[in-house]
Amino acid sequence: MSENQTKKTKSILQAPRGTRDFYPEQMARLQWLFQLWRQTSLRHGFEEYDGPSFEHLDLYTIKSGDEIVSQLFSFEDRGGRDLALRPELTPTLARMIAVKANALPRPIKWFSIPRSCRAERPQKGRLREFFQWNIDIVGSDEVLADAECIFVALDFLRQVGLGPVLIELRVNSRFIVSTLLIDAGIDAERHGQMFAIMDKYEKLSEAEFDKYACEQGVCDTELTAVKNILRVPDLSSLESLSRSEQSRAELAKMRELKQYLDDFGVGEYFVYKPAVVRGLAYYTGIVFEIFDRSAKMRAIAGGGRYDNLISMFGGPSMPAVGFGMGDVVLMDLLDELGKAPMIPSHQPPEFFVIDADPSLFGMVLKIVGCLRGKGFAADYAPKRQAMGKQFKYATGRLAKFAIIVGDETRTQNLISVKNLQSGEQRQLNVEEFLKSPEQLSL
RNA sequence: GUGAAAGUAGCUCAAGUGGUUAGAGCACCAGGUUGUGGUCCUGGGGGUUGAGGGUUCGAGUCCCUUCUUUCACCCCA
């Protein structure tokens, strides 16, 4: 082996930057999460879908412009097509819906748990490969749809122990901010830039923010107007600022949203935050983010209304709202709060068969074989060892019942069944036990 | 992509200003109690100190390069 090859062999032992290996222990956690995401989605009436894990590069540049390419893992296939690993699922969703739009009953309530890749520099809570729970409702412009999306997220979070004391839902409306900016004499074409500046408000000190805004070409009167918007503490204060008919209508929508969330029983999570504008250009109305209240981490989830996206992909004009929740920040947070459950990476056996003597091993396999054939999780010690060791192994595997095969099994067809939790033990006839193992009461 | 800090066993951490063969706990494996358990006792495998090069009689320790992680930017779908 050449020196170069030795080097290569060593470097391939390391998983690529920003990726993770899922050993059984981590895989069990991941599956726990997926199952909860899936169950919650289905319970709320969403249907599961998925698309390809890579798409035409254009699919992503249409929406986000060419700058996005540097954040993508892109490549060319042998036919010269430009492709990219999916950095998110929303473009795929828009494409899938644009193709079949007229055939789908509305509202379309879909969910997915895609594995996605972004070529960014990894940090805490942000990797190059991750999973993201996506929830979308397409074809409804009613606030109820926004409320439903948010409710699924909160219902899930509540289930994993993240109540309103620990986390909050930050809500704003891009539309209303836009109308307020217009009232302040700031043209619509500069709103994108304003959103970007407003996004910094919570991260910077007052002086730093002023300086930053000034550098971005915001004049003093504009800065005052922007700050007035950013300082609005709640919806009722927003009312006094909203002068135009449009902004009043949008404010009414936000009130409606709050009412729906109250009705669903998750109103306590709601916080009005004027600085929440989201980075993406395509959001058109209500936007929201979910944060832990200590706010030391990135957003747990984020989303909003994007009424123009489907038509951008060549589909009919269809209103839509949705959010994404990544696995990384969520699991980090659960770990930090001690709320991540211990999930065994194997299925604990219902029955664990133990022999008193290696010569009885054939009977162990016979019983295990029969139980497994009947659909029970049954197991035995991997080595012929003293009974003490076998019991130890059974306990380690979290088995419920131990079945002891001894001389009496050979001579009288008797086995002993022991409840490993209570310690209770009883002798039974083998055939009778095997006929209906589920009727065992101990 | 730019800037900064860190990296010692699977995990958590030791190892004065460079100085014998890099240690401990947990975990893992094997023995011990001869028909009954996560306890206990004994032993064991494990590391080219992230990798590569340099300075030196001598490098875990100092210098350079690189990889990974973390933090701040960029961006955040």
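Predicted model only: the values in this text are computed from it and were never measured. Here is how names work: the chains are called A, B, and so on, in the same order as the sequence lines, proteins then strands, and each is numbered from 1.
Of the candidate nucleotides G35(B), U70(B), C67(B), U70(B) has the atom nearest to the side chain of Lys124(A). Checking U36(B), A77(B), U68(B) against the side-chain heavy atoms of Ile404(A) singles out U36(B) as nearest. Ranking A77(B), G35(B), G37(B) by closeness to the Leu420(A) side chain, first place goes to G37(B). With G31(B), U36(B), U70(B) as the candidates, the nucleotide lying closest to the side chain of Pro122(A) is U70(B). The side chain of Gln425(A) has U36(B) as its nearest neighbour among C73(B), G31(B), U36(B). Relative to the side chain of Ile68(A), the nucleotides G35(B), A77(B), C75(B) differ in distance, and A77(B) lies closest.
In this structure, CE of Met387(A) is placed 9 Å from P of G37(B), rounded to the nearest angstrom. Rounded to whole Å, atom C1' of A72(B) lies 12 Å from atom CG of Leu204(A). Atom pair Arg121(A):CZ and G3(B):P shows a separation of 9 Å (rounding to whole Å applied). As rounded to whole Å, 11 Å separates atom P of C76(B) from atom OH of Tyr283(A). Nucleotide C40(B) holds its P atom 20 Å from the CZ atom of Phe391(A), rounded to whole Å.
Nucleotide G23(B) is matched to C13(B) when pairs are restricted to Watson-Crick or G-U wobble geometry with both distances under 3.5 angstrom. Nucleotide U56(B) is matched to nothing when pairs are restricted to Watson-Crick or G-U wobble geometry with both distances under 3.5 angstrom. With a cut-off of 3.5 Å on both pairing distances, U48(B) has no Watson-Crick or G-U wobble partner at all. Shown here, C71(B) forms a base pair with G3(B); the pair counts as Watson-Crick or G-U wobble because both key distances fall under 3.5 Å. Pairing of U33(B), defined by two Watson-Crick or G-U wobble distances under 3.5 Å, is not identified with any nucleotide. Across the strands present, U8(B) finds no partner; the criterion is a Watson-Crick or G-U wobble pair with both atom distances under 3.5 angstrom.
For U69(B), its base never sits under 3.5 Å from the side chain of Arg17(A) at any donor and acceptor pair.
Note on Gln71(A): every side-chain N or O is 4.0 Å or more away from OP1 and OP2 of A77(B). One finds a side-chain N or O of Lys200(A) lying less than 4.0 angstrom from the OP1 or OP2 phosphate oxygen of C74(B). For the OP1/OP2 pair of C76(B) and a distance below 4.0 Å, the side-chain nitrogens and oxygens of Arg298(A) include no atom meeting the criterion. Proximity of Lys383(A) to the phosphate of A30(B): a side-chain N or O atom is located under 4.0 Å from OP1 or OP2.
A gap of 9 Å separates the C1' atoms of G46(B) and C28(B), to the nearest Å.
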| request: Please assess Trp133(A) against Thr40(A) for the test side chain to side chain donor-acceptor pair (under 3.5 Å), listing each intermediate value before the final yes or no. | output: CA-CA 11 Å; Trp133(A) 181 33; Thr40(A) 308; over 6 Å; no
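Taking the charged nitrogens against the carboxylate oxygens, Asp335(A) and Arg29(A) do have a contact shorter than 4.0 Å, which makes a salt bridge.
Ile186(A) is listed as a side-chain neighbour of His191(A), based on a closest heavy-atom distance under 4.5 Å.
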